[in-house]
Number of protein chains: 2
Amino acid sequence: MALHDEQGVATTTFADIAERAGVGPATVLRHFPNLGSLVMACGQHVAEEMRPLTPADSTRVFAGQATTAARLERLVSEIDAFYERGSFRLIAAGNDRDRVPELDEFLKMVDAGLEGLIREAIVDDAPGDPLMSVLMALCNVTVWQRLNRANLTALERQAILMDLLTCAMASVRSRKPPMP
Amino acid sequence: MALHDEQGVATTTFADIAERAGVGPATVLRHFPNLGSLVMACGQHVAEEMRPLTPADSTRVFAGQATTAARLERLVSEIDAFYERGSFRLIAAGNDRDRVPELDEFLKMVDAGLEGLIREAIVDDAPGDPLMSVLMALCNVTVWQRLNRANLTALERQAILMDLLTCAMASVRSRKPPMP
DNA sequence: CTATTGACGGAATAATAATTCCGTGAAATT
DNA sequence: AATTTCACGGAATTATTATTCCGTCAATAG
C-alpha cells in the first residue's frame with residue numbers, strides 16, 4: 001500500500017514490493033499470484049481507512065434532520081471528511097482504473113455508495129436522473145481536490161459546496177417544470 | 001493519435017504504432033526517438049483539433065459583453081464547446097500525466113489558458129485566489145463529463161453551469177467581506 | 001529424535017517492449 | 001551511367017518485469 005501511494009499502482013513492480021517487504025519476489029507472488037489479487041487484498045485495508053460512504057450511513061448521518069437543507073448540510077460535512085480521508089487514493093486509483101479492473105470495480109462501488117447517500121439526503125424532492133448527475137458532478141473528488149487546494153478553511157469549503165448543491169437543485173428544478 | 005485514443009498513451013507500444021502505420025518499428029523510432037518526442041508531435045495536432053482556450057480568445061469571446069453575467073454566459077458556451085471537442089483526450093491525457101511529463105506540461109498549459117480566460121470574464125469583480133479556485137473546480141473537465149453524461153441538452157447543460165458559476169461567485173464573496 | 005510439511009527466496013526462464021544494427025533499394029547528384 | 005545519400009525495416013540485442021523452479025530451513029507432527 002505504501003508503494004502504491006508513493007508511485008502509483010500500475011507502475012509498482014513485484015520486485016519493488018518484495019524489496020520493500022524485505023522478502024524475495026517469489027514470496028510476494030505466492031501470496032498474490034497476480035496484480036489483481038494484490039489489489040483486492042490492499043482494497044480491504046484501503047476501504048477500512050477510507051470508510052467509503054454508503055446509504056447504510058444514512059441513519060447515522062441524517063438522524064433527526066427533518067429538512068432537505070439540514071440533511072444536505074450533514075451530507076456535505078460527511079463528504080468533506082470522506083475526501084479528507086481518501087481523496088489521495090481515489091485519485092491514484094482513478095489514474096489506473098482502466099489498467100486494473102479491480103480498481104475500476106472499487107471506484108464504481110464507492111461511486112454507487114455516494115450516489116445512494118445523496119439520494120437519501122434529497123429523498124423528499126423526488127430526485128430525477130439529471131439532478132442526480134449534477135449533484136454527483138459537484139461531489140466529485142476532483143472538485144473537492146481543487147477546493148481543497150484553495151486558500152479555504154474546511155468550514156468555508158463546506159459552506160461553498162453546500163451553496164453549490166443548493167443552487168444546483170434550484171437550477172435543475174427550474175428547468176424541468178413538473179408534468180401537468 | 002488513433003492508437004492513443006483507443007488504448008491510452010502509456011499502454012501503446014512502439015510496435016503497435018509501427019504495425020498500424022504499416023512500417024517497421026525501427027522507422028517509428030527514427031522519427032520519434034522516445035515517447036516524449038512522439039507525444040510532443042501528436043500534441044501539435046491534438047492542440048489544433050482541440051483549440052484550447054486562452055486569454056487570447058478574450059476579445060473574440062467577450063466582444064461587446066459589458067456585464068460580468070453576459071461574459072460568463074459566453075464563457076460557459078465556449079467551455080462547453082471546448083470540452084465537446086476535447087474532453088475525451090483531456091481525460092486520457094490526465095490518466096497518464098504522471099507517467100509522461102509531456103502530457104503533464106500540456107495539461108498545465110491548457111489549465112493555465114482556461115484560468116486566464118476565466119479571469120478575463122470576471123475581471124470587474126477583482127477575482128481573489130479562492131474564487132478562482134472554485135471557478136476552476138466547476139469548469140473542470142470531469143464536472144463537464146458528468147454533466148454531459150446526464151440526460152441534458154447542451155443548452156440545459158450550459159444553463160446549469162452558468163447558474164453554478166454565478167452561485168459560486170456570490171457564495172465566495174459573501175464569505176470574504178471586503179477589507180475595511 | 002526423525003520425518004514431514006510448507007513457506008521462503010535466489011536463480012533461472014519466459015514474456016514483453018525498447019533500442020540498435022546493418023543490409024537493401026530508391027531517389028538524388030555528379 | 002556511376003556514385004552518393006538516406007530512409008527503410010527485418011533481425012538481433014538489451015532492458016525490464018513477470019513467472020517458475022528447486023534447494024533450504026524452520027516449525028510441527030509422529
Side-chain angles (χ1 to χ4, degrees), chain A residues 1-48 88-109, chain B residues 1-48 88-109:
Chain A
M1 282 170 60
L3 280 168
H4 284 179
D5 285 352
E6 289 165 27
Q7 38 180 274
V9 175
T11 54
T12 297
T13 149
F14 276 80
D16 289 341
I17 297 173
E19 187 185 19
R20 177 72 62 97
V23 302
T27 305
V28 179
L29 259 299
R30 181 176 7 259
H31 286 284
F32 311 104
N34 51 56
L35 181 59
S37 65
L38 191 147
V39 167
M40 292 267 274
C42 287
Q44 304 290 324
H45 297 271
V46 167
E48 266 175 40
F88 178 67
R89 280 172 176 161
L90 286 177
I91 287 165
N95 286 338
D96 284 331
R97 71 184 300 173
D98 35 42
R99 264 176 276 265
V100 186
E102 287 78 8
L103 289 179
D104 192 57
E105 297 277 313
F106 180 72
L107 290 178
K108 277 183 183 150
M109 281 194 127
Chain B
M1 283 170 61
L3 280 168
H4 285 178
D5 285 352
E6 289 165 27
Q7 38 181 270
V9 176
T11 54
T12 297
T13 150
F14 276 78
D16 290 342
I17 297 173
E19 187 185 17
R20 177 70 62 99
V23 302
T27 303
V28 180
L29 258 301
R30 181 179 2 260
H31 287 283
F32 312 104
N34 50 56
L35 181 60
S37 65
L38 191 147
V39 166
M40 292 267 275
C42 287
Q44 304 290 325
H45 297 270
V46 167
E48 265 173 41
F88 178 67
R89 280 171 176 161
L90 286 176
I91 288 166
N95 286 338
D96 284 331
R97 73 184 299 173
D98 34 46
R99 263 175 276 264
V100 185
E102 287 78 7
L103 289 180
D104 192 56
E105 297 278 313
F106 179 72
L107 290 178
K108 277 184 182 146
M109 281 193 128

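Proteins come first, then strands; the chains are lettered A, B, ... in the order of their sequence lines, and each starts at number 1.
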* Would you find more than 12 non-hydrogen atoms of other residues, nucleotides or ligands less than 6.0 Å from B:M40 atom CE? -> no
* Asked: Rounded to the nearest Å, what distance is computed from the CZ atom of residue A:F32 to the P atom of nucleotide C:dA7?
  -> 14 Å
* Structure fact -> Residue pairs meeting side-chain hydrogen bond (donor to acceptor under 3.5 Å, both in side chains), one or both in residues 99-109 of chain B, sequence neighbours left out, come to A:D96-B:R99, B:D96-B:R99, B:R97-B:D104, B:D104-B:K108
* To do: For the residue pair A:F32 and A:S37, establish whether any side-chain heavy-atom pair is separated by less than 4.5 Å.
  => yes
Check nucleotides 18-24 of chain D for protein N or O atoms closer than 3.5 Å to its own N or O atoms and list the pairs.
from   : atom 1 : to    : atom 2 : distance (Å)
D:dA18 : OP2    : A:T13 : OG1    : 2.7
D:dA18 : OP2    : A:F14 : N      : 2.9

* Using the test salt bridge (charged side-chain N to carboxylate O under 4.0 Å, His left out), find all partners of B:R30 that sit at least two apart in sequence or belong to another chain. => none
* Validation row: B:V46, B:H4 side chains within 4.5 angstrom (heavy atoms) -> no
* To do: Taking only the side-chain nitrogens and oxygens of A:H31, find out if one of them lies under 4.0 Å from OP1 or OP2 of C:dA7.
  => no
* To do: Rounded off to whole Å, could you give me the CD-to-P distance for the A:E19 and D:dT17 pair?
  => 12 Å
* **B:D16 CG to C:dA18 C1', straight-line distance once rounded to whole Å** => 13 Å
* Spacing of CZ belonging to B:R89 relative to CG belonging to B:L103, to within rounding of 0.5 Å -> 12.0 Å
